Amino acid sequence: MGEQPIYTTRAHVFQIDPTTKKNWVPASKQAVTVSYFYDSTRNSYRIISVDGSKVIINSTITPNMTFTKTSQKFGQWADSRANTVFGLGFASEQQLSKFAEKFQEVKEAAKLARDKSQEKVETLSNHSQESGRETPSTNQASSINGTDDEKISHVGPEAALLKTENERLKSAVEQSNTNAKKWETELQTLRESNARLVDSLQESSANVESWKKQLSACKEESDTLREKIAELEAQCNEANQEKQKNAQLTVRVKELEAELQDKEQELENLRKQAEIIPQLMAECETITAKLQAAETKNKELEGRIEGLQLDIDDSQQKQGNMKGELKKFMDILDGKIDELHEFRQGLSKLGVDN
């Protein structure tokens, strides 16, 4: 069957800077496919990512690996075999959580595979040791069954069978020893890888602490800069207020200068008017004399008007009396006309009768 993908997602891939061990270096220009692969023949798991024709992640998962979430959308793990730290930036927090859960599952599966492999190694090692113990006793038993020709003739077929079994056990022991050495070598390799991984994790932890200190220092510096900016803004505001006050004062000075010019012009006009005051005084005296004469004439006219008013009142009273007498005369005339009318009617009746 070979390797088969068991989980696939997309993310931006990063690797730790090999020189500084602090900064992240983008391994892909855009989000690429990141997949978990399972190799059934080797019973192993790998994380593989390819950008075009370039393999940017080829990490075999071991039980000692740890996937760490460093933010809501970013996670990382250290690979001691590749001697690097991989980082993945996801589009959402859900994708990061799913990838972390899958990493934990694969890690547990790798741990179970390692435990089974160790159990198999221990079983084969115990079997080889038991076979090694049984072989000398068998040889000893075959050697005490007889001497010379009697022994050979007495146990010939059985000795051949034991010899064949012994050869088979020897080959099994040699194979077991070879496998044990091989597994010891792989175990030592795993221990060295684990040691490198622990060193990488410790270094990553130290880097994280360093980054935290740098972040704290940056925050303090940012706070200091913000305070300085606030102070500068306050000073700028004060300067702007001073500029506004200066502008207002300048406008006020110009207004005062304009008022001063107006006052000087008024003063000049008053001076010019003061020069013609004697002439005006003479004119005033003349006008005063004329006013006095006019007042005298006015008094005379008022006396005449009062006389005329009295005449008018008398004439109005007489006119009223005449209107009263005229009204009485009209009433009398109306009575006479009515009497004349009645007399005519009487004459008419008398003429009709005759």
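Since the structure is predicted, the reported quantities are computational estimates derived from the model, not experimental observations.
At a threshold of 4.0 Å, the pair Glu231-Lys228 does not count as salt-bridged, since none of the basic side-chain nitrogens sits closer than that to a carboxylate oxygen.
Other residues, nucleotides and ligands contribute only 12 or fewer heavy atoms inside 6.0 Å of the CD atom of Gln72. Counting heavy-atom neighbours within 6.0 Å of Lys69 NZ, excluding the residue itself, gives a total above 12.
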Output, in order, the C-alpha distance, side-chain angles, deciding distance and verdict of side-chain contact (heavy atoms from CB on, under 4.5 Å) for Ser35 and Ile48.
CA-CA 5 Å; Ser35 303; Ile48 297 176; 5.6 Å; no

Go through Asn269 and Gln265 one step at a time and tell me if the side-chain contact (heavy atoms from CB on, under 4.5 Å) criterion holds.
CA-CA 6 Å; Asn269 293 332; Gln265 186 66 34; 3.6 Å; yes

Please lay out, stage by stage, how Val50 and Lys54 fare under the test side-chain contact (heavy atoms from CB on, under 4.5 Å).
CA-CA 6 Å; Val50 179; Lys54 180 182 177 183; 5.9 Å; no

Does Val32 form a side-chain contact (heavy atoms from CB on, under 4.5 Å) with Val13? I'd like the steps, not just the answer.
CA-CA 7 Å; Val32 295; Val13 181; 3.6 Å; yes

Show your working on salt bridge (charged side-chain N to carboxylate O under 4.0 Å, His left out) between Glu255 and Arg252 and close with a plain yes or no.
CA-CA 5 Å; Glu255 292 176 354; Arg252 182 58 181 166; 3.3 Å; yes

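Hydrophobic clustering places Tyr7 together with Phe90 (ILVMFWY residues linked when any side-chain heavy atoms are closer than 4.5 Å, directly or through intermediates). Cluster annotation: Phe86 and Phe37 are assigned to distinct hydrophobic clusters (Ile/Leu/Val/Met/Phe/Trp/Tyr, side-chain heavy-atom contacts under 4.5 Å, transitive). Following chains of ILVMFWY side-chain contacts shorter than 4.5 Å, one can reach Ile47 starting from Ile6, so the two form part of one hydrophobic cluster.
In terms of heavy-atom proximity, Asp51 sits nearest to Ala27 at OD2-O, 4.2 Å. The two residues Arg46 and Glu3 have their closest heavy-atom pair at NH2-OE1, 2.5 Å.
Side-chain atoms of Gln15 come within 3.5 Å of backbone atoms of Ile56 as a donor-acceptor pair (strictly under, hydrogens ignored). Checked by atom type and distance alone, the side chain of Asn237 pairs as donor or acceptor with a backbone atom of Glu233 at under 3.5 Å. Checked by atom type and distance alone, the side chain of Thr68 never pairs as donor or acceptor with a backbone atom of Thr70 at under 3.5 Å. Between the Asn321 side chain and the Gln317 main chain, a donor and an acceptor come within less than 3.5 Å of each other. Of the possible polar contacts, none joining the Thr9 side chain to the Val34 backbone as a donor-acceptor pair under 3.5 Å is found.
Atom CD of Gln94 and atom NZ of Lys73 lie 9.0 Å apart (nearest 0.5 Å). To the nearest 0.5 angstrom, Lys243 atom NZ is 14.5 Å from Gln248 atom CD. Gln76 contributes atom CD, which lies 11.0 Å from atom OG1 of Thr66 (distance to the nearest 0.5 angstrom). Put simply, NZ on Lys245 and CG on Asn240 are 12.0 Å apart, with the number rounded to the nearest 0.5 Å. Atom CE of residue Met65 and atom NZ of residue Lys107 lie 10.0 Å apart, to the nearest 0.5 angstrom. Here the CD-CZ distance, from Glu264 to Arg271, works out to 9.0 Å after rounding to the nearest 0.5 Å.
Defined by atom type and a distance below 3.5 Å, a donor-acceptor pair is missing between the side-chain atoms of Asp39 and Tyr45. For the residue pair Thr62/Asn64, the side-chain donor-acceptor check at 3.5 Å is not satisfied. Between the side chains of Asp79 and Ser59, at least one donor N or O sits under 3.5 Å from an acceptor N or O.
Between Tyr38 and Gln4, every side-chain heavy-atom pair lies at or beyond the 4.5 Å cut-off. Inter-residue side-chain proximity for Glu259 and Leu256 is flagged as met; some heavy-atom pair is nearer than 4.5 Å. Side-chain contact between Ile57 and Leu88 is present, with at least one heavy-atom pair separated by less than 4.5 Å. Within the 4.5 Å cutoff, side-chain heavy atoms of Thr286 are placed close to those of Lys290. The closest side-chain heavy-atom distance from Asp17 to Lys21 is not below 4.5 Å. Here the side chains of Ile16 and Trp24 are in contact, with some heavy-atom distance below 4.5 Å. Contact check for Gln104 versus Glu101: no side-chain heavy atoms found under the 4.5 Å cut-off.
Listed by first and then second residue, the salt bridge (Lys or Arg N to Asp or Glu O under 4.0 Å) pairs that reach into residues 318-329 come to none, sequence neighbours excluded. For residues 52-71, the pairs satisfying ring pair (Phe, Tyr, Trp, His ring centres under 6.0 Å) are Phe67-Phe99, Phe67-Phe103, with sequence neighbours left out.
Listed by chain and residue number, Phe74 satisfy the ring-ring contact (aromatic ring centres under 6.0 Å, His included) test with Phe14 (two or more places apart in sequence, or in another chain).
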